[in-house]
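Just so it is clear, the model here is predicted, and its values are computed rather than measured.
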Amino acid sequence: MRPMLWVTTAVLALVSATACGATADKSDTNADSGKPATGLRLMVPNAAGGGYDTTARVAAKVMEDAKIATGVQVFNLPGAGGTVGLQRVVNEKGNGKLAMQMGLGVVGATYTSKSKATLTQTTPIAKMIEEAGAIVVPKNSPYKTIGDLVTAWKANPKGMAVGGGSSPGGPDHLLPMQLAQAVGIEPKDVNFVSYDGGGELLPALLGSKIAFGASGFGEFLDQVQSGQVRVLAVTSEQPIEALKDVPTLKGSGIDLVFTNWRGIVAPPGISDADKKVWIDALTKMHDSAEWKSELDKHGWTDAFVTGDEFGKFLTDQDKAVADILTKLGLAA
């Protein structure tokens, strides 16, 4: 299971139905006018406050501030590890104004949730960032180092709950499973508690409903800075600039590196002009000083690719995750 995933080593209320289903008119795209794009809507397929939500809202703000797009609407449609949102995107065939923030978690959820909708049905727009994972405990936790945590975990793996902001098959599930194997714990003995995004994981962690959390470190930066949680280790190859004093797993003697990623897909059957609007807007966003500042602020790694190149990456990821989950008995 070690090759399991170096997965880049190893993705407001609802608006009215009339706005949801309409295919974008080419005259509204501003694809070649030089004017800001208008009417773009970005769905987050899990609860507010998580990594997808943060990434989508930061991207929307940068596009607004840099006058790349105006009136970008970000809204949440949580459920089933992101596959409720995915089904919505697939159902919106031809709607060039809609896109969905997603990542590795949605890839896994399509299998574990037995989703009828698949990412291969969507239109790939862009892969945006990569992010290391983190092992996090509440401030009053008895575990001061990753070594302390692993010692206690090995002594009673079923009695220590680990929470993640993704369903089985997502990055926050795969990370503790890989960590368990790396330290000599049978993955089947791990007491994993699934939450729908970091927005639900954080209260469980702060309320000590779980012994520790495994998720993207960027989801906890505010709480780390305020002293509410402590990061015991990050899963990157090298230490993270935003968490200078936190060791890596490898630096702590645990042979594991794990990286998550996030990207954007659109409904199937959108026009070339609408696809160009999204790719052009995100490319301009990626090239902006504002986005580079946000990458530094959140500790995200730039991983920008678009269109067919992102599509090939998605196909490779889909196969890798399917193989892994089949070995774990989580996919047929």
Colleague: Name all pairs fulfilling the salt bridge (charged side-chain N to carboxylate O under 4.0 Å, His left out) condition that reach into residues 302-318, sequence neighbours left out, sorted by first residue then second.
Modeller: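 Those involving residues 302-318 are K312-D316.
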Colleague: Which pairs pass ring pair (Phe, Tyr, Trp, His ring centres under 6.0 Å) with one or both residues in residues 93-117, sequence neighbours excluded?
Modeller: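 Qualifying pairs, neighbours excluded: none.
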Colleague: Mind checking what makes ring-ring contact (aromatic ring centres under 6.0 Å, His included) contact with F220, not counting sequence neighbours?
Modeller: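 For F220, no residue satisfies ring-ring contact (aromatic ring centres under 6.0 Å, His included) once neighbours in sequence are set aside.
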Colleague: In Å, rounded to the nearest 0.5 Å, how long is the span from CD of E130 to CG of N260?
Modeller: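 The CG atom of N260 is 9.0 Å from CD of E130, to the nearest 0.5 Å.
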Colleague: Please check: side-chain N/O of N95 versus main-chain N/O of K97, any donor-acceptor pairing under 3.5 Å?
Modeller: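 Indeed, once roles are kept as given, a pair shorter than 3.5 Å links the two residues.
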Colleague: Kindly write out the residues that satisfy side-chain contact (heavy atoms from CB on, under 4.5 Å) with A56, not counting sequence neighbours, or none if the list is empty.
Modeller: L42, V44, V74, Q101
Colleague: Do S113 and S115 have side-chain N/O donor and acceptor atoms under 3.5 Å apart?
Modeller: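 Their side chains do not contain a donor-acceptor pair, so the 3.5 Å distance test is not met.
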Colleague: Where is the tightest heavy-atom contact between V106 and M100, given as atom of each residue plus distance?
Modeller: CG1-CE, 4.4 Å
Colleague: Does some side-chain heavy atom of L104 sit less than 4.5 Å from a side-chain heavy atom of V321?
Modeller: yes
Colleague: Under 4.5 Å between any side-chain heavy atoms of F217 and V231, yes or no?
Modeller: no
Colleague: Report the distance from atom CD of E131 to atom CD1 of I129, rounding to the nearest 0.5 Å.
Modeller: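 These two atoms lie 5.5 Å from each other.
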Colleague: If you draw a 6.0 Å radius around NZ in K292, do more than 12 non-hydrogen atoms from other residues or ligands fall strictly inside?
Modeller: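 More than 12 heavy atoms, drawn from other residues, nucleotides or ligands, come within 6.0 Å of this atom.
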Colleague: Would K127 and F310 count as a cation-pi pair here, with the cationic atom under 6.0 angstrom from the ring centre and within 45° of the axis?
Modeller: no
Colleague: Would you say the side chain of L314 lies within less than 4.5 Å of the side chain of V265, judging by non-hydrogen atoms?
Modeller: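 Heavy-atom side-chain distance check passes, below 4.5 Å.
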Colleague: Walk me through it: do D274 and S271 pass the test side chain to side chain donor-acceptor pair (under 3.5 Å)?
Modeller: CA-CA 5 Å; D274 286 332; S271 70; 3.1 Å; yes
Colleague: Count I, L, V, M, F, W, Y as connected when their side-chain heavy atoms are under 4.5 Å apart, and connections chain through other members. Are L221 and L295 then in the same cluster?
Modeller: no
Colleague: Report the residues that fulfil side-chain contact (heavy atoms from CB on, under 4.5 Å) with N191, sequence neighbours left out, ordered by chain and then residue number.
Modeller: A161, V193
Colleague: If every non-hydrogen atom of A182 is compared with every non-hydrogen atom of I254, which pair is closest and at what distance?
Modeller: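 The answer is CB-CG2, 4.0 Å.
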Colleague: Let's go through W261 and M128 carefully: what are the C-alpha distance in whole Å and the side-chain angles of both, what is the deciding distance for side chain to side chain contact (heavy atoms under 4.5 Å, CB included) to 0.1 Å, and is it a yes or a no?
Modeller: CA-CA 8 Å; W261 58 269; M128 299 169 69; over 6 Å; no
Colleague: Does a side-chain heavy-atom distance below 4.5 Å link L77 with V84?
Modeller: yes
Colleague: Is it the case that the side chain of T315 and the backbone of G311 share a donor-acceptor pair, with hydrogens and angles ignored and the cut-off at 3.5 Å?
Modeller: yes
Colleague: Could I get the full list of side-chain contact (heavy atoms from CB on, under 4.5 Å) partners for T235, not counting sequence neighbours?
Modeller: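 In terms of side-chain contact (heavy atoms from CB on, under 4.5 Å), with neighbours along the sequence ignored, T235 is linked to A132, L175, L249, F258.
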Colleague: Between L325 and L86, is there a shared hydrophobic cluster once you connect ILVMFWY residues whose side-chain heavy atoms come closer than 4.5 Å?
Modeller: yes
Colleague: I want to check something: taking the side chain as every heavy atom from C-beta on, are T54 and H298 in contact at a cut-off of under 4.5 Å?
Modeller: yes
Colleague: Which pairs with one or both residues in residues 179-201 pass ring pair (Phe, Tyr, Trp, His ring centres under 6.0 Å), sequence neighbours excluded?
Modeller: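 Every ring pair (Phe, Tyr, Trp, His ring centres under 6.0 Å) pair that includes a residue of residues 179-201, provided the two are not neighbours, is H173-F192.
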Colleague: For T151 and G147, indicate whether the former's side chain and the latter's backbone hold a donor-acceptor pair under 3.5 Å.
Modeller: yes
Colleague: Of the non-hydrogen atoms in A214 and I135, which two are nearest, and what is the gap between them?
Modeller: CB-CD1, 4.1 Å
Colleague: Short question: side chain of S166, backbone of G105 - any donor-acceptor pair under 3.5 Å?
Modeller: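 Looks like no, no N/O pair under 3.5 Å.
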Colleague: Would you check if L179 and W153 make a side-chain contact, meaning some heavy-atom pair closer than 4.5 Å?
Modeller: yes
Colleague: Please set out all donor-acceptor pairs under 3.5 angstrom arising from side-chain atoms of residues 198-213, sequence neighbours excluded.
Modeller:
| residue | atom | partner | partner atom | Å |
| --- | --- | --- | --- | --- |
| E200 | OE1 | D196 | N | 3.2 |

Colleague: Same hydrophobic cluster for I264 and F313, using side-chain heavy-atom links shorter than 4.5 Å among ILVMFWY?
Modeller: yes
Colleague: Going from CD on Q121 to CG on N91, what distance comes out if it is rounded to the nearest 0.5 angstrom?
Modeller: 9.0 Å
Colleague: Check side-chain contact (heavy atoms from CB on, under 4.5 Å) between S288 and all other residues, then give those that pass, not counting sequence neighbours.
Modeller: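 Scan of S288 (side-chain contact (heavy atoms from CB on, under 4.5 Å), adjacent residues dropped) gives V62, E290, W291.
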Colleague: Going hydrophobic residue to hydrophobic residue with side-chain gaps under 4.5 angstrom, can you get from L256 over to L232?
Modeller: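 L256 clusters together with L232.
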Colleague: Could you pull out all residues at least two apart from K319 that satisfy salt bridge (Lys or Arg N to Asp or Glu O under 4.0 Å)?
Modeller: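 For K319, the residues satisfying salt bridge (Lys or Arg N to Asp or Glu O under 4.0 Å) (neighbours in sequence not counted) are D323.
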Colleague: Is the side chain of T110 donor-acceptor paired with the backbone N or O of V107 at a distance under 3.5 Å, no angle test?
Modeller: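 Such a contact is found between T110 side chain and V107 backbone.
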Colleague: For the CG atom of D287 and the CD1 atom of I68, what is their distance to the nearest 0.5 Å?
Modeller: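 Answer for the CG-CD1 pair, D287 versus I68, is 8.5 Å.
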Colleague: Checking the side chain of S236 only, and the main-chain atoms of Q238 only, is there a donor and an acceptor separated by less than 3.5 Å?
Modeller: yes
Colleague: Any side-chain heavy atom of L282 sitting closer than 4.5 Å to one from T306?
Modeller: no
Colleague: Closest heavy-atom contact between A155 and P157?
Modeller: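 Nearest pair, atom of A155 first, then P157: C-CD, 3.8 Å.
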Colleague: Indicate whether any N or O donor in one side chain lies under 3.5 Å from an N or O acceptor in the other, for S226 and Q228.
Modeller: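 Q228 and S226 do have a side-chain donor-acceptor pair below 3.5 Å.
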Colleague: For residues 133-151, which residue pairs qualify under salt bridge (charged side-chain N to carboxylate O under 4.0 Å, His left out), counting only residues two or more places apart or in two chains?
Modeller: none
Colleague: If you look at every heavy atom in A69 and L40, which pair is closest and at what distance?
Modeller: CB-CD1, 4.3 Å
Colleague: What is the distance from atom CG of L174 to atom CG of L330, rounded to the nearest 0.5 Å?
Modeller: 9.0 Å
Colleague: Applying salt bridge (charged side-chain N to carboxylate O under 4.0 Å, His left out), which residue pairs with at least one partner in residues 211-231 are found, sequence neighbours left out?
Modeller: E219-R262
Colleague: Are V229 and V137 side-chain neighbours, meaning at least one heavy-atom pair lies under 4.5 Å?
Modeller: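 Sidechains of V137 and V229: no contact.
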Colleague: Quick check: closest heavy atoms across E237 and T248, and the distance to 0.1 Å?
Modeller: O-CG2, 4.1 Å
Colleague: Could you walk me through whether K67 and E64 pass the salt bridge (Lys or Arg N to Asp or Glu O under 4.0 Å) check?
Modeller: CA-CA 5 Å; K67 296 180 171 51; E64 293 273 0; over 6 Å; no
Colleague: Would V190 end up clustered with I146 when hydrophobic side chains under 4.5 Å apart are linked, directly or stepwise?
Modeller: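 As far as the 4.5 Å side-chain criterion goes, I146 and V190 are connected within one cluster.
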Colleague: Which value, rounded to the nearest 0.5 Å, describes the distance between M63 atom CE and H286 atom NE2?
Modeller: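 So the CE of M63 and the NE2 of H286 are separated by 13.5 Å.
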Colleague: Looking only at the side chains, is there a donor atom on one of N46 and D53 sitting less than 3.5 Å from an acceptor on the other?
Modeller: no
